[in-house]
*Asks:* 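Sharing a structure here in structure tokens format.
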Amino acid sequence: MTSARVGFIGLGAMGSRMAANLQKSGSRLTVFNRTRDKAESLLGGGATWGNTPAAVAEQAEILFTMLAHPAAVQPADGT
């Protein structure tokens, strides 16, 4: 069985822990956060950095978002 390609956007208090558990279970992670430093422990464990949320989504079979509030989400066309 191969591991799923999982994208994770939003690595705050809850998102970082959820992503870490997915990583421990063998998922291949691509991650994004507004501040890259919050991703460092995941990157050190083998996750891949996505330069944008869209880049993460393009790499993922399964996509998680863990964002603080609705204003953190905007349409892909920027409107």
Side-chain angles (χ1 to χ4, degrees):
M1 183 170 147
T2 61
S3 59
R5 289 179 294 131
V6 176
F8 213 103
I9 300 168
L11 300 171
M14 190 179 303
S16 62
R17 289 172 177 84
M18 291 173 69
N21 284 331
L22 289 165
Q23 190 174 54
K24 286 177 191 172
S25 74
S27 296
R28 293 175 292 154
L29 287 179
T30 301
V31 298
F32 176 83
N33 196 69
R34 289 180 292 179
T35 53
R36 185 181 168 129
D37 64 315
K38 292 198 175 187
E40 291 303 324
S41 64
L42 295 166
L43 297 172
T48 301
W49 176 255
N51 287 323
T52 65
V56 174
E58 289 173 0
Q59 297 298 314
E61 297 171 293
I62 302 165
L63 180 64
F64 291 91
T65 60
M66 187 60 56
L67 305 169
H69 45 77
V73 180
Q74 61 179 237
D77 66 4
T79 59

*Asks:* Roughly how far apart are Leu63 CG and Phe8 CZ, rounded to 0.5 Å?
*Replies:*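 The CG atom of Leu63 sits 9.0 Å away from the CZ atom of Phe8.
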
*Asks:* About how many Å separate CD of Gln59 and CG of Leu29, when rounded to the nearest 0.5 Å?
*Replies:*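 Leu29 CG to Gln59 CD: 12.5 Å, rounded to 0.5 Å.
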
*Asks:* Looking only at non-hydrogen atoms, find the nearest pair between Phe32 and Gly50 and report the distance.
*Replies:*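 Between these two residues, the closest heavy atoms are CD1-O, 3.2 Å.
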
*Asks:* Return the CD1 to OG1 distance between Ile9 and Thr52, rounded to the nearest 0.5 Å.
*Replies:* 8.0 Å

*Asks:* Taking only residues at least two apart or on different chains, which pairs with a member in residues 9-24 satisfy salt bridge (Lys or Arg N to Asp or Glu O under 4.0 Å)?
*Replies:* none

*Asks:* If you round to the nearest 0.5 Å, how far is CZ of Phe64 from CG of Leu11?
*Replies:* 12.5 Å

*Asks:* Drop me the distance from Gln23's CD to Ser3's OG, to the nearest 0.5 angstrom.
*Replies:* 11.0 Å

*Asks:* Supply the atom-to-atom distance Ser16 OG to Asn33 CG, rounded to the nearest 0.5 angstrom.
*Replies:*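 Going from OG on Ser16 over to CG on Asn33, the span is 8.5 Å.
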
*Asks:* Just to verify, what does Arg5 make a salt bridge (charged side-chain N to carboxylate O under 4.0 Å, His left out) with, not counting sequence neighbours?
*Replies:*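 So Arg5 forms a salt bridge (charged side-chain N to carboxylate O under 4.0 Å, His left out) with Glu61.
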
*Asks:* Does Arg36, at its CZ atom, have more than 12 non-hydrogen atoms belonging to other residues, nucleotides or ligands within less than 6.0 Å?
*Replies:*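 Yes, enclosed.
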
*Asks:* Considering non-hydrogen atoms only, spot the tightest contact between Gly7 and Val56 and give its length.
*Replies:* CA-CG1, 3.5 Å

*Asks:* Which atom names give the shortest non-hydrogen contact between Val31 and Ala39, and what distance separates them?
*Replies:*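 Heavy-atom minimum between the residues: CG2-CB, 4.0 Å.
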
*Asks:* Where is the tightest heavy-atom contact between Gly10 and Leu67, given as atom of each residue plus distance?
*Replies:*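 Of all heavy-atom pairs spanning Gly10 and Leu67, the closest is CA-CD2, 4.1 Å.
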
*Asks:* List the atom of Leu22, the atom of Ser25, and the distance in Å for their closest heavy-atom pair.
*Replies:*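 Reported closest heavy-atom pair: O-OG, 2.8 Å.
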
